[in-house]
Trainee: 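Please find one structure pasted underneath; my questions will follow.
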Amino acid sequence: MINFIKNLPKAELHLHIEGTFEPELMFSIAKRNCIDIPYQSVDQLKAAYQFNCLQDFLDIYYQGANVLVQAQDFYDLTYAYLEKCAEQNVKHAEIMFDPQTHTQRGVAFDTVFNGIDKACQDAQKKLNVSTLIIMSYLRHLSEEKAFETLQQSLPYKDKITAIGLDSSEKGNPPSKFKRVFEASIQEGYIPLAHAGEEGHADYIWEALNLLKIVRIDHGNNALQDEKLVEEIVRKDIALTVCPLSNVALQVVDDLKNHPLKKMMQLGLKVTVNSDDPAYFGGQVNQNYIEIQKALNLSKKDIYELARNSFQYSLLDKNRKALYLQELDNYYNLHKD
Ligand code: HPA
Ligand code: ZN
């Protein structure tokens, strides 16, 4: 089963590039930028990765991102992740980045974007991994700040496929960003948002009805509301579920109690993703391997999850069809 998962063609749809920052790379970039990290060693830093909730994690995640200054830093971060994709048979990745994490501390939008974009272009050529870029607004900041970010992104709008909404969920409902989502959609961006990770099911209703999202990041708390589940199924909207993240942030107490299988049984379209792999204990394949074991998923279940990852990607129809064909060929050869 483990080899079946490792070799399975798949896409990753929920990934924060700042969350792929491995401690070793963080220390080396900090050194070349002459920036202090408040930890003596990689081991000491890793020991701090103990989270009781989303906010505990975010505090450390933003601190780690502080050492990213030059376009080359963003390039190195992104390329290192894309090399891991190639190793894991992740054929396609939809990468979120948080421009405000960097612009707030004086790093230009252009610097951030150019580094990430160049790495994506090189990865297509050298690693044969395709990518799309998602720009996420930080929900703990104001809608006005999100509007500023939207303006800064416009020179690159042909290279940014979608917008997202992340950071501290509780107390920052989707309704806070209704106008900036409308304006972003007007500019041609596809709307996505984190919803129902720590926030109540009401936040998912808002994300659907007010922000018009076409895919839900996390969405675990949809299960609190039967009518909401029906609505998500009816609208054929997928959830980007992140099992190891859910355990690390105590959204779920134990992987054995993860609702992923129940979600599938209810007809929800589920995908498996790593979220912030450097912080949550595993890349996407590790997420598949551990959730398979915890819930005793079959090869057919795993195939369905990978199928959803291509089907509910933001790729055009033709490219989806090519990846789905590759996946089907693989499954037909290895299902027994
Ligand atoms: N939730 C909200 N914001 C985030 C996350 C997450 O899981 N990861 C990075 N920013
Ligand atoms: Zn996330």
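Atoms within each ligand, like the ligands themselves, are counted from 1 in listed order. We're numbering straight along the sequence, starting at 1.
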Trainee: Would you please indicate yes or no on a ring centroid separation below 6.0 angstrom for Phe177 and Phe181?
Mentor: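 Ring centres of Phe177 and Phe181 not closer than 6.0 Å.
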Trainee: Could you check whether Tyr279 and His16 have their ring centres less than 6.0 Å apart?
Mentor: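 No, too far apart.
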Trainee: For ligand 1, find out whether one of its N or O atoms is nearer than 3.5 Å to an N or O atom of His16.
Mentor: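 Yes - when backbone and side-chain N and O of His16 are compared with those of ligand 1, one distance drops under 3.5 Å.
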Trainee: Does Leu13 belong to the same Ile/Leu/Val/Met/Phe/Trp/Tyr cluster as Leu305, with side-chain heavy atoms less than 4.5 Å apart forming each link?
Mentor: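 Different clusters.
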Trainee: Please determine if Asp276 has a nitrogen or oxygen closer than 3.5 Å to a nitrogen or oxygen of ligand 1.
Mentor: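 In this structure, Asp276 places an N or O atom under 3.5 Å from an N or O of ligand 1.
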Trainee: Consider ligand 1: state whether an atom of it lies below 4.0 angstrom from any non-hydrogen atom of His218.
Mentor: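 A heavy atom of His218 does come that close to ligand 1.
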Trainee: Looking at OG1 of Thr131 and CD of Glu12, how far apart are the two atoms once the value is rounded to the nearest 0.5 Å?
Mentor: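 Spacing of OG1 (Thr131) from CD (Glu12) equals 12.5 Å.
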Trainee: Of the backbone atoms (N, CA, C, O) and the side-chain heavy atoms from C-beta on, which set of Leu54 has a member under 4.0 Å from an atom of ligand 1: side chain, backbone, both, or neither?
Mentor: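 Just the side chain.
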Trainee: Check if Asp217 has a non-hydrogen atom at a distance under 4.0 Å from any atom of ligand 1.
Mentor: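 Not so, Asp217 does not reach ligand 1.
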Trainee: I need the atoms of ligand 1 closer than 4.0 Å to a non-hydrogen atom of Phe57, numbered in the order shown.
Mentor: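 Answer, ordered by atom number: 8 (N), 9 (C).
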Trainee: Please find out if the Zn ion (ligand 2) and some N, O or S atom of His16 are separated by less than 2.8 Å.
Mentor: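 Coordinating: yes.
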Trainee: Side chain or backbone, does Ser167 bring an N or O within less than 3.5 Å of an N or O on ligand 1?
Mentor: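 Yes.
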Trainee: For the pair Phe280 and Phe57, evaluate ring pair (Phe, Tyr, Trp, His ring centres under 6.0 Å) and give the outcome as yes or no after the intermediate values.
Mentor: CA-CA 10 Å; Phe280 298 151; Phe57 155 70; 4.7 Å; yes
Trainee: For Glu197, which part has a heavy atom under 4.0 Å from ligand 1: side chain, backbone, both, or neither?
Mentor: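 Answer for Glu197: side chain.
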Trainee: At a 4.0 Å threshold, what atoms of ligand 1 neighbour a non-hydrogen atom of Asp275?
Mentor: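 Listed by number with element: 6 (C), 7 (O), 8 (N).
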Trainee: Has His14 got an N/O/S atom less than 2.8 Å from the Zn ion (ligand 2)?
Mentor: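 It does: His14 brings an N, O or S atom closer than 2.8 Å to the Zn ion (ligand 2).
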Trainee: Can you confirm if the NZ or CZ of Lys299 lies within 45° of the ring axis of Phe4 and under 6.0 Å from the centre of its six-membered ring?
Mentor: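 Lys299 over Phe4 ring: yes.
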Trainee: Between the Zn ion (ligand 2) and Asp275, which N, O or S atom of the residue is the nearest one?
Mentor: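 In Asp275, the N, O or S atom with the shortest distance to the Zn ion (ligand 2) is OD1.
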Trainee: May I ask you to decide if the ring planes of His14 and His194 are parallel, tilted or perpendicular, using 30° and 60° as cut-offs?
Mentor: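 Rings of His14 and His194: perpendicular, as their planes differ by over 60°.
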Trainee: Have a look at Ser168 and tell me which of Gln55, Arg139, Glu198 forms a side-chain hydrogen bond (donor to acceptor under 3.5 Å, both in side chains) with it.
Mentor: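 Checked Gln55, Arg139, Glu198 against Ser168; only one passes side-chain hydrogen bond (donor to acceptor under 3.5 Å, both in side chains): Gln55.
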